[in-house]
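Step one of this worksheet: look at the structure below.
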Amino acid sequence: MPPRANPTLRQRRFGIELRRMREQAGYGGSELGRLVGMNPAQVTQMESGRIGISADRLRTIAAACNCANRPLIDALTNMTAERGRGWWEEYREVLTMDFLEVAEIEHHAKTLAVCTTTYIPGLLQTGTYASAVFARVYPPLPRKDIDVRTAFRVQRQQVVRSGKIPLRAFIHEAALRMQFGGPKVLAEQLEALTEDSVESGISIRVLPFDVDTYPGAGENLTFAEGVVPELDTVQMDVSQGTLFFDAPADLARHRVIFERMDAVAISEDGSRDFIRSIKKEVEARYA
């Protein structure tokens, strides 16, 4: 088969893990190729996600690299068997790759943890609130583009609302008070949050302004837990788009960040009451 022109984030991650396996063994690409019957170009394409390999070839590579991490090898083996297109591929012609890659990560995650400081997490946004968030973009988006992005965001939520993947959401008080679309839209969003907070598999906890030290980064973060720790991924939303991190040092740092948030955030029951109190304040503005 010809090399993939645009490998997905997951395909690239598969290649990255093989490259790390090779580097930990101290091999160059040519040396590994000689050991497993691949030419240097094939090794390069494999490690960039441009070509796939069979489960047997993967195990041959792992053996050549003296990799004894059986859970990781098994997880990578399962990835070689993945076939078919995710639902997000339907949007490939109308949305940028950032959108598709976020949905792909969420779909394959074991658990998800998010922290937000400026808006409600996308996986918990109402359609009206999401539309208002997209409408703030400058230059302004055409209405049809806002509608497509909103529909995509709502469809992403099925991984959580179906109960397939547990979600822990840490929401800073600033995000609970930030308005998109006005106070009525915000009040409806806060009401939806309280309803989501009692759903099985969804944990919502607030970090109030008066917490002594806010342990999160300034960005909105998602920590997607893989089937093994080596396949965890951090997603960071920035004004220029979406960034992804998978280096061991980055993963370790963000695990600590989420552990610290877990230690200082209000309890689930307390957070639910806190959100209701803000909702009452917001409703008073248009009563």
Side-chain angles (χ1 to χ4, degrees), residues 5-6 8-10 85-109 112 114-162 164-165 167 169 171-197 199 202 204 218-222 224 235-244 275 278-279 281-287:
N6 297 296
T8 68
L9 182 69
R10 189 164 171 83
R85 291 157 52 91
W87 64 265
W88 52 89
E89 293 292 339
E90 301 172 10
Y91 290 83
R92 182 170 288 275
E93 301 301 322
V94 293
L95 292 175
T96 63
M97 285 301 297
D98 282 357
F99 286 88
L100 277 60
E101 290 176 342
V102 168
E104 183 181 34
I105 283 178
E106 292 169 346
H107 177 80
H108 291 287
L112 291 166
V114 299
C115 76
T116 58
T117 58
T118 53
Y119 47 75
I120 304 305
L123 290 172
L124 298 173
Q125 290 179 6
T126 65
T128 305
Y129 182 95
S131 292
V133 170
F134 289 128
R136 86 193 194 287
V137 174
Y138 187 84
L141 293 168
R143 184 71 241 178
K144 64 180 181 61
D145 289 354
I146 293 175
D147 291 344
V148 168
R149 294 184 182 204
T150 300
F152 185 84
R153 178 158 292 181
V154 171
Q155 192 166 354
R156 273 177 48 211
Q157 296 174 358
Q158 292 307 306
V159 296
V160 171
R161 300 196 184 283
S162 66
K164 174 187 173 185
I165 299 173
L167 171 69
I171 308 176
H172 196 276
E173 182 178 348
L176 296 174
R177 296 184 179 277
M178 191 82 70
Q179 290 191 46
F180 296 97
K184 186 173 181 179
V185 172
L186 178 57
E188 291 172 350
Q189 174 64 78
L190 295 176
E191 176 62 26
L193 267 188
T194 62
E195 294 173 358
D196 286 335
S197 69
E199 291 294 323
I202 298 178
I204 298 175
E219 300 84 1
N220 299 303
L221 298 171
T222 298
Q235 169 206 331
M236 180 184 297
D237 292 334
V238 296
S239 58
Q240 294 82 3
T242 303
L243 303 176
F244 300 97
I275 294 170
I278 294 179
K279 175 176 174 283
E281 294 178 30
V282 173
E283 288 175 327
R285 299 174 195 166
Y286 64 88

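Numbers here are sequence positions counted from 1. The figures that follow rest on heavy atoms only: side chains count, while hydrogens, waters and symmetry mates do not.
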Which distance, rounded to the nearest 0.5 Å, do you find between the [atom1] of [X] and the [atom2] of [Y]?
{"X": "Met178", "Y": "Thr116", "atom1": "CE", "atom2": "OG1", "answer": "10.0 Å"}
{"X": "Ile204", "Y": "Glu199", "atom1": "CD1", "atom2": "CD", "answer": "9.5 Å"}
{"X": "Leu186", "Y": "Thr128", "atom1": "CG", "atom2": "OG1", "answer": "12.0 Å"}
{"X": "Thr222", "Y": "Leu167", "atom1": "OG1", "atom2": "CG", "answer": "8.5 Å"}

Within the 4.5 Å heavy-atom criterion, are [X] and [Y] side-chain neighbours or not?
{"X": "Glu101", "Y": "Gln235", "result": "no"}
{"X": "Glu106", "Y": "Trp88", "result": "no"}
{"X": "Asp237", "Y": "Leu243", "result": "no"}
{"X": "Ile171", "Y": "Leu193", "result": "yes"}
{"X": "Arg149", "Y": "Leu141", "result": "yes"}
{"X": "Leu9", "Y": "Met97", "result": "no"}
{"X": "Leu124", "Y": "Gln157", "result": "no"}
{"X": "Val160", "Y": "Ile202", "result": "yes"}

Exercise. Does Glu188 have any side-chain contact (heavy atoms from CB on, under 4.5 Å) partners at least two apart in sequence or in another chain, and if so, which?
Worked result: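 Here the qualifying residues are Lys184.
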For this session: Measure the acute angle between the ring planes of Trp87 and Phe152, then classify it against the limits of 30° and 60° as parallel, tilted or perpendicular.
Result: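 Trp87 and Phe152: tilted rings.
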Please report the shortest heavy-atom distance between [X] and [Y], naming the atom on each side.
{"X": "Ala109", "Y": "Ile165", "result": "O-CD1, 3.5 Å"}
{"X": "His172", "Y": "Thr117", "result": "CB-CA, 4.0 Å"}
{"X": "Arg85", "Y": "Glu90", "result": "NH2-N, 4.5 Å"}
{"X": "Ala130", "Y": "Arg153", "result": "CB-CD, 4.0 Å"}
{"X": "Thr150", "Y": "Ser131", "result": "OG1-OG, 3.0 Å"}
{"X": "Ser162", "Y": "Val159", "result": "OG-O, 3.5 Å"}

Any donor-acceptor pair under 3.5 Å from [X] side chain to [Y] backbone:
{"X": "Arg136", "Y": "Val133", "answer": "yes"}
{"X": "Gln189", "Y": "Thr126", "answer": "yes"}
{"X": "Gln125", "Y": "Ile120", "answer": "yes"}
{"X": "Asp98", "Y": "Thr242", "answer": "yes"}
{"X": "Lys279", "Y": "Thr194", "answer": "no"}

Problem set entry | Partner residues of Phe180 under the ring-ring contact (aromatic ring centres under 6.0 Å, His included) criterion, sequence neighbours left out |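 Per chain and number, Phe180 pairs via ring-ring contact (aromatic ring centres under 6.0 Å, His included) with Tyr129.
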For this session: Evaluate the side chain to side chain contact (heavy atoms under 4.5 Å, CB included) criterion for residues Gln179 and Val185: first the C-alpha distance (whole Å), next the side-chain angles of each, then the deciding distance (0.1 Å), finally the verdict.
Result: CA-CA 8 Å; Gln179 290 191 46; Val185 172; over 6 Å; no
For this session: Could you tell me whether Arg143 and Asp147 make a salt bridge, using a distance below 4.0 angstrom between a side-chain N and a carboxylate O?
Result: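 Salt bridge: yes.
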Problem set entry | Asn220 versus Thr118, side-chain donor and acceptor atoms under 3.5 Å |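 Present: a donor and an acceptor within the cut-off.
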Exercise. Can Phe99 and Arg156 be said to form a side chain to side chain contact (heavy atoms under 4.5 Å, CB included), step by step?
Worked result: CA-CA 10 Å; Phe99 286 88; Arg156 273 177 48 211; over 6 Å; no
Problem set entry | Audit row: Lys164, Gln158, side chain to side chain contact (heavy atoms under 4.5 Å, CB included) steps and yes/no | CA-CA 8 Å; Lys164 174 187 173 185; Gln158 292 307 306; over 6 Å; no
For this session: Would you please test Arg177 and Glu281 for salt bridge (Lys or Arg N to Asp or Glu O under 4.0 Å) and show each step?
Result: CA-CA 10 Å; Arg177 296 184 179 277; Glu281 294 178 30; 2.9 Å; yes
